[in-house]
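Only heavy atoms go into these numbers, but all of them, side chains included; no hydrogens, no water, no symmetry mates.
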Amino acid sequence: MHRQAASKVDTAELLDRVVLKELPGRRGMGAWRALLRAHASLMRQLATDLEKKTGLHLGDFDVLGRLAEAGGELRMTELADRTLSSRSGMTRRIDRMVDEGLVRRANAGGDARGVVVALTDAGSSRLLETAPIHLRGVADLFVAKLDDQELAALESALDKVTLDCGFG
């Protein structure tokens, strides 16, 4: 038991040295941890509230919203990129949403391999029914906690560190 405790202490000390080497003075660690906590807690609460109040998964809401913003349809690859989802994860989600009648799938014109996902009337109705509930959550849990200057600074800062990458 003592050996195991000593090993944990050694690991903690070694990790601390790595942190200090890579982030001198631990610069940015507090901000990084705050970002992770804020993202995880907000997304968990928004997802829980939306599903409890409407029965719709937050990921499905995101798909419906992205399709609406794009004029009603997107290629599957573009939809996956815009929702920060893997291609395989998006395929499974769209399969389920097609079964529920929220979206339809079609071949992209001129490209036999390309797939387009389109919003159905039922999907559009579902989005419009659930959007106020989700947006109230965003307003209450996030926007109301920050003033306009903080919101602008946060947006600017996060834009600087947002990577342009697909999620495979």
Could I get the full list of side-chain contact (heavy atoms from CB on, under 4.5 Å) partners for Asp16, not counting sequence neighbours?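 side-chain contact (heavy atoms from CB on, under 4.5 Å) list for Asp16, sorted by chain: Leu20, Arg26.
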How would you list, by chain and number, every residue that makes a side-chain contact (heavy atoms from CB on, under 4.5 Å) with Glu22, sequence neighbours excluded?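 With sequence neighbours excluded, Glu22 shows a side-chain contact (heavy atoms from CB on, under 4.5 Å) to Val18, given in chain and number order.
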Pairs satisfying ring-ring contact (aromatic ring centres under 6.0 Å, His included), at least one member in residues 75-109, at least two apart: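 Pairs touching residues 75-109 that pass the test: none.
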Please list all pairs meeting ring-ring contact (aromatic ring centres under 6.0 Å, His included) that have one or both residues in residues 75-102, counting only residues at least two apart or in different chains.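 Output for this query is empty, none listed.
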Show the atom names and distances, to 0.1 Å, of all donor-acceptor pairs under 3.5 Å that link a side chain in residues 114-132 to residues at least two apart or in another chain.
from, atom 1, to, atom 2, distance (Å)
Thr120, OG1, Gly101, O, 2.6
Thr120, OG1, Leu102, O, 2.9
Thr120, OG1, Ala122, N, 3.4
Thr120, OG1, Gly123, N, 3.0
Ser125, OG, Asp121, O, 3.1
Arg126, NH1, Thr54, O, 3.3
Arg126, NH1, Glu129, OE2, 2.8
Arg126, NH2, Thr54, O, 2.7
Thr130, OG1, Arg126, O, 2.9
Thr130, OG1, Leu127, O, 3.3

My understanding is that only residues two or more places apart in sequence, or in another chain, count here; which of them pass salt bridge (Lys or Arg N to Asp or Glu O under 4.0 Å) with Arg104?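 With sequence neighbours excluded, Arg104 shows a salt bridge (Lys or Arg N to Asp or Glu O under 4.0 Å) to no residue whatsoever.
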Flag the pair Asp81 and Arg75 as a salt bridge only when some basic side-chain nitrogen lies within less than 4.0 angstrom of an acidic carboxylate oxygen.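 Not counted as a salt bridge, because no side-chain N and carboxylate O are separated by less than 4.0 Å.
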Can you give me every donor-acceptor pair (side chain of residues 142-157, partner residue at least two apart or in another chain, under 3.5 Å) with its distance?
from, atom 1, to, atom 2, distance (Å)
Asp147, OD1, Gln149, N, 3.1
Asp147, OD1, Glu150, N, 2.7
Glu150, OE1, Asp147, N, 2.8

When clusters are formed by joining ILVMFWY residues with side-chain heavy atoms under 4.5 Å apart, either directly or through shared neighbours, do Leu135 and Leu50 land in the same one?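 Per the 4.5 Å side-chain linkage, Leu135 and Leu50 are not co-clustered.
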Determine which pairs satisfy salt bridge (Lys or Arg N to Asp or Glu O under 4.0 Å) with at least one residue from residues 38-50, sequence neighbours left out, and list them in order.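 For residues 38-50, and leaving out neighbouring residues, there are no salt bridge (Lys or Arg N to Asp or Glu O under 4.0 Å) pairs at all.
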Using atom types as modelled, flag every donor-acceptor pair under 3.5 Å from a side chain in residues 30-42 to any protein atom, sequence neighbours excluded.
from, atom 1, to, atom 2, distance (Å)
Ser41, OG, Arg37, O, 2.9
Ser41, OG, Ala38, O, 3.3

Supply the atom-to-atom distance [X] [atom1] to [Y] [atom2], rounded to the nearest 0.5 angstrom.
X	Y	atom1	atom2	answer
Ile94	Thr91	CD1	OG1	8.0 Å
Met90	Glu78	CE	CD	11.0 Å
Ile133	Leu46	CD1	CG	12.5 Å

Solution key, residues 57-67 side-chain donor-acceptor pairs under 3.5 Å, sequence neighbours excluded:
from, atom 1, to, atom 2, distance (Å)
His57, ND1, Glu51, OE1, 3.4
Asp60, OD1, Arg93, NH1, 2.3
Asp60, OD1, Arg96, NH2, 2.8
Asp60, OD2, Arg96, NH1, 2.8
Asp60, OD2, Arg96, NH2, 3.3
Asp62, OD1, Arg66, NE, 3.1

Non-hydrogen side-chain atoms of Met76 and Arg105 separated by less than 4.5 Å: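 Side chain of Met76 against side chain of Arg105, heavy atoms only: contact under 4.5 Å found.
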